[in-house]
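The block underneath contains the structure these notes are about, expressed in structure tokens.
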Amino acid sequence: MKKYNVAVVGATGAVGREMLSILEEREFPFDNLKLLASERSAGKKMTCKGKEYTVEATTPESFEGVDIALFSAGAGASKKFAPEAAKRGAVVVDNSSQWRMDPEVPLVVPEVNPEDIFKHKGIIANPNCSTIQMVAALKPIYDKVGIERIVVSTYQAVSGTGKAAIDELREQAKAILADEEVKSEVYPYQIAFNVLPHIDIFFDDGYTKEEIKMVNETKKIMGDDSIKVTATAARVPVVYGHAESLNIETKEKLTVSEAKELLDNAPGVSVVDKPEELAYPMQIDVENNDDVLVGRIREDNTIEKGLNLWIVANNLRKGAALNTIQIAERLVQG
Ligand code: A2P
């Protein structure tokens, strides 16, 4: 079996660390592994598959001889270094928002549009975490009955912001319980014991960038500009896992039992929906579960063809590192 030279850019970050675990767990066929981050981390030691690696500062030359470069170091680093990697012959799978809406760059969820992977010109984009779990669950419904409109509200974990935000939540929770002063540096307000209806920057029309990402990325991944999507994104004091409340209007009628059957058979999706046993998806269920969990499936009785769903997935894994590596796996399978 051919083996690949792989670079992980942002290896020291919250998603980068998950990438290293997943490369190991899924036995990705890598030969050499290069761990890259900012200058701050140069010289740091990290382990993957029992071998110790020294983290290097990222430079254009870092990508000489690299076949696959997995990026999760923010949009700035992707803007600067992804073209440098591609120029040197690497295929970049980028987890940042930098290239997602570029018409030349495929935006891929392997369960939804794997064929787009092979249209790449050196860079493939990994969608926003909230979009990935939503489209993975909606794809089987879309294929069966079509989707007219999606109304989504998110309940997103702080790990989506990065390691500093995880630390901030923990520190604030400790401070509050100890009756000490609460310091907010990553978020504009206290996140512990609070909910912020604000993720990423605000636009003039009142929507946030996170909400608009969900609208635009859903249309691009599904390859259908006619789907109407409206989103409200909120940050909740949870470390791992995003939850989403969805109300969808389908083109043809779909009953609850038909929806359950479709979702039960969908790759990467599990139905957790037994209200009589209090079985429904929660963030605590996805810390060690890579599936997109769907539950609370109900008919929306206010419209003719509508469903309500509750969707939960691990934002660092299916929402980021795992989806990125699944794209790389499809790429090498050809
Ligand atoms: P470093 O640890 O050296 O700062 P998180 O999302 O958890 O905050 O992690 C961000 C990741 O991206 C870290 O690995 C960070 O490295 C890396 N990073 C941030 N800026 C750059 C940059 N300009 N070039 C390369 N890596 C970067």
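Sequence positions, counted from 1, serve as the residue numbers for this chain. Counting convention: from 1, in listed order, for ligands and their atoms alike.
Ranking protein heavy atoms by distance to atom 7 (O) of ligand 1, first place goes to A14 N, 2.9 Å. Closest to atom 4 (O) of ligand 1, if we only count protein heavy atoms, is R40 NH2, 2.8 Å. The protein non-hydrogen atom at the shortest distance from atom 23 (N) of ligand 1 is A77 CB, 4.0 Å. Summary of contacts: the protein heavy atom closest to atom 6 (O) of ligand 1 is G162 CA, 3.8 Å. In this structure, atom 21 (C) of ligand 1 lies nearest to the protein heavy atom S38 CB, 3.9 Å. Atom 20 (N) of ligand 1 has as its closest protein heavy atom A73 O, 3.9 Å. With hydrogens left out, the protein atom closest to atom 9 (O) of ligand 1 is G13 CA, 3.2 Å, a heavy atom.
Between K45 and V55, every side-chain heavy-atom pair lies at or beyond the 4.5 Å cut-off. Residues H242 and T154 are not in side-chain contact: their nearest non-hydrogen atoms beyond the backbone lie 4.5 Å or more apart. Counting heavy atoms from C-beta on, the side chains of I248 and R149 never come closer than 4.5 Å.
The ring of W310 has its center closer than 6.0 angstrom to the ring center of Y155.
Ligand 1 has no N or O atom lying under 3.5 Å from any N or O atom of F81, backbone or side chain. Note: an N/O pair closer than 3.5 Å links S41 and ligand 1 by distance alone. Not one N or O of V9 is nearer than 3.5 Å to an N or O of ligand 1, by distance alone.
A donor-acceptor pair under 3.5 Å is absent between the side-chain atoms of R330 and the main chain of Q326, judged by distance alone.
By the 6.0 Å contact criterion, CZ on R88 is enclosed, its count of non-hydrogen atoms from other residues, nucleotides or ligands being greater than 12. No more than 12 heavy-atom neighbours from other residues, nucleotides or ligands sit within 6.0 angstrom of CG on D179. Within a 6.0 Å radius of CD in E64, other residues, nucleotides and ligands contribute more than 12 heavy atoms.
Nearest residue to atom 25 (C) of ligand 1 from A37, G10, A320, S72 is A37 (criterion: closest heavy atom). Which of T12, V8, L36, I166 comes nearest to atom 2 (O) of ligand 1 through a heavy atom is settled by distance: it is T12.
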